[in-house]
Number of protein chains: 2
Amino acid sequence: MAEPATTSNRMLERVAMVLDAVEGSSASASELGRRTGLSVSTVHRLALSMVEYGFLRRVDDGDFKLGHRFVRTALESIATPILTELRNVTGETAQMWIRRGERRICRVTVDSQHELKATLPAGSTLELPNGSSGRLLSHDPEALESVEEHGWVESVGRRTPGLGSVSAPVMLRDQMIATLCLAMPLSRVEVSPGRDFGENLARAARMVGTELETAKQL
Amino acid sequence: MAEPATTSNRMLERVAMVLDAVEGSSASASELGRRTGLSVSTVHRLALSMVEYGFLRRVDDGDFKLGHRFVRTALESIATPILTELRNVTGETAQMWIRRGERRICRVTVDSQHELKATLPAGSTLELPNGSSGRLLSHDPEALESVEEHGWVESVGRRTPGLGSVSAPVMLRDQMIATLCLAMPLSRVEVSPGRDFGENLARAARMVGTELETAKQL
DNA sequence: GAATCATATCCCACTGTATGGGAAGTTTTG
DNA sequence: CAAAACTTCCCATACAGTGGGATATGATTC
């Protein structure tokens, strides 16, 4: 009798086996072969492919570990849908930035669907001082004052001519752990980035902080 | 000129496309087709397979979202390798438990490699009151006193005869957010679960708390 | 309530991708 | 220094995945 359409998939089965194999601890290609029962050449090639697509990453001694797709903090998990909703509401690129030393890193980005858009890939790093998120993350006094007054700080053409942005802090227990940011070409700004978008942005940033707090209570 | 062996992989590329497609928001099978450019029958079948292996999950309205492989808090990400190392050092099953209302849930388990072992699958829920983690998570005064004195609390045959366990709290800003636990058959206990394993366990629990703190500082 | 549109699901002839034994080079171990 | 282990790659071969199209179901519109 013919089987109904199956959901089994050989490649996915093998990918899952490899992921399970590195779940607890990293493994070399040979060790992956032993843990999965697959031939070393098969698992070696597969592991290299999995690195390319972010399922694994390779550390200096040649071992494979879970890749960036699995290493996401709770903050990113919480922020991503909120940023997506914010992008849907405003139409502009919505991002989350964190500080690392004297630089900032874009942890999440949800791009505008306009043809003309402000966009940087997630993972981008920038110098701190410019742009609304940079000023906020570097605790620039004027930026903090703007947040105090409006809940957001805006930037017009500071880092990239023709570009506007507005940022709001994500607070956890009175500490700024990240910023949410909307970036857009000035041609779509009516009054100013802050006036146009700041209220929605500040509400989204508070939401991230609240949900993280709730998550932390476990 | 012949290319060197390539790391591209058609199936992984498609899996990654689907995962990227649901990253920001859930999608139906038809919507996945649109977001990825794949034919609906292809992406429908692939999505069903991805559900089977934990890459996606399907919600009630038929939409696909990221599956259990991707929904892990920072706490679990941090705790898993530490529990693996603890299991390697002690040889016994190492687990992390959290409190949910009047129950407790096993969030991570790394099983002993002995043939005789204490094991429950991750996701198990138990009533609070018994077992060393249960007593700790329910803030039993004697348990807290034991932690104060030793850094750990032990249990011998309280919930399951023949089984011993020792637990230590994972603290974040003076709050107990989880417990780490070692469970083992009494036949492998020399003095008591606490005396034998407590020091390693308490150190591992402090490590989890410290790394989570560091992660929170971003 | 019927018509239309959209979606979910499945089939199967056909396409083309993945496999793994084996070889070569490198690194580690005794 | 030899042996063992590992990494990496090739390629003849095997077999898994594709997607157009059909059917059924549900939602929307008139």
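In what follows, chains carry the letters A, B, and so on, assigned in the order in which the sequence lines appear, proteins first and then strands, with residues in each chain numbered from 1.
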Between the protein and nucleotides 16-19 of chain D, are there any N/O to N/O pairs under 3.5 Å, and if so, what are the atom names and distances?
from: dG17(D); atom 1: OP1; to: N9(A); atom 2: OD1; distance (Å): 3.2
from: dG17(D); atom 1: OP1; to: R10(A); atom 2: N; distance (Å): 3.2
from: dT18(D); atom 1: OP1; to: R14(B); atom 2: NH1; distance (Å): 2.5
from: dT18(D); atom 1: OP2; to: R45(B); atom 2: NH2; distance (Å): 3.0
from: dG19(D); atom 1: OP2; to: R14(B); atom 2: NH1; distance (Å): 3.3
from: dG19(D); atom 1: OP2; to: T42(B); atom 2: OG1; distance (Å): 3.0
from: dG19(D); atom 1: N7; to: S41(B); atom 2: OG; distance (Å): 3.4
from: dG19(D); atom 1: N7; to: R45(B); atom 2: NH1; distance (Å): 3.4
from: dG19(D); atom 1: O6; to: R45(B); atom 2: NH1; distance (Å): 3.2

Practice task
Check whether any side-chain N or O of H44(B) sits under 4.0 Å from OP1 or OP2 of dA8(C), and answer yes or no.
Solution key: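 Answer is no, no contact under 4.0 Å.
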Practice task
Rounded to the nearest 0.5 Å, what's the gap from CD1 on I177(A) to CZ on R99(A)? Could you check?
Solution key: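 That separation rounds to 15.0 Å.
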Problem - Flag, side chain of R69(B) to backbone of Y53(B), donor-acceptor distance under 3.5 Å - result: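 The answer is yes, because a donor-acceptor pair under 3.5 Å joins these two groups.
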What is the distance, rounded to the nearest whole Å, between atom [atom1] of [X] and atom [atom2] of [N]?
X      : N      : atom1 : atom2 : result
F64(A) : dT8(D) : CZ    : C1'   : 11 Å
L32(A) : dC6(D) : CG    : C1'   : 13 Å
D63(B) : dA8(C) : CG    : C1'   : 12 Å

What I want to find out is whether [X] reaches [Y] closely enough, with some N-O distance under 4.0 Å, to be called a salt bridge.
X      : Y       : value
E92(A) : R188(A) : yes
R57(A) : D63(A)  : no
R10(B) : E13(B)  : no

Handout entry: Residue whose closest nucleotide on DNA chain D lies nearer the 5' end, L48(A) versus R34(A)
Key =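 Between the two, 5'-proximity favours R34(A).
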Exercise for the section: For K117(A), look at atom NZ and say whether over 12 heavy atoms of other residues, nucleotides or ligands are found less than 6.0 Å away. Expected result: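 It does: K117(A) NZ has more than 12 such atoms within range.
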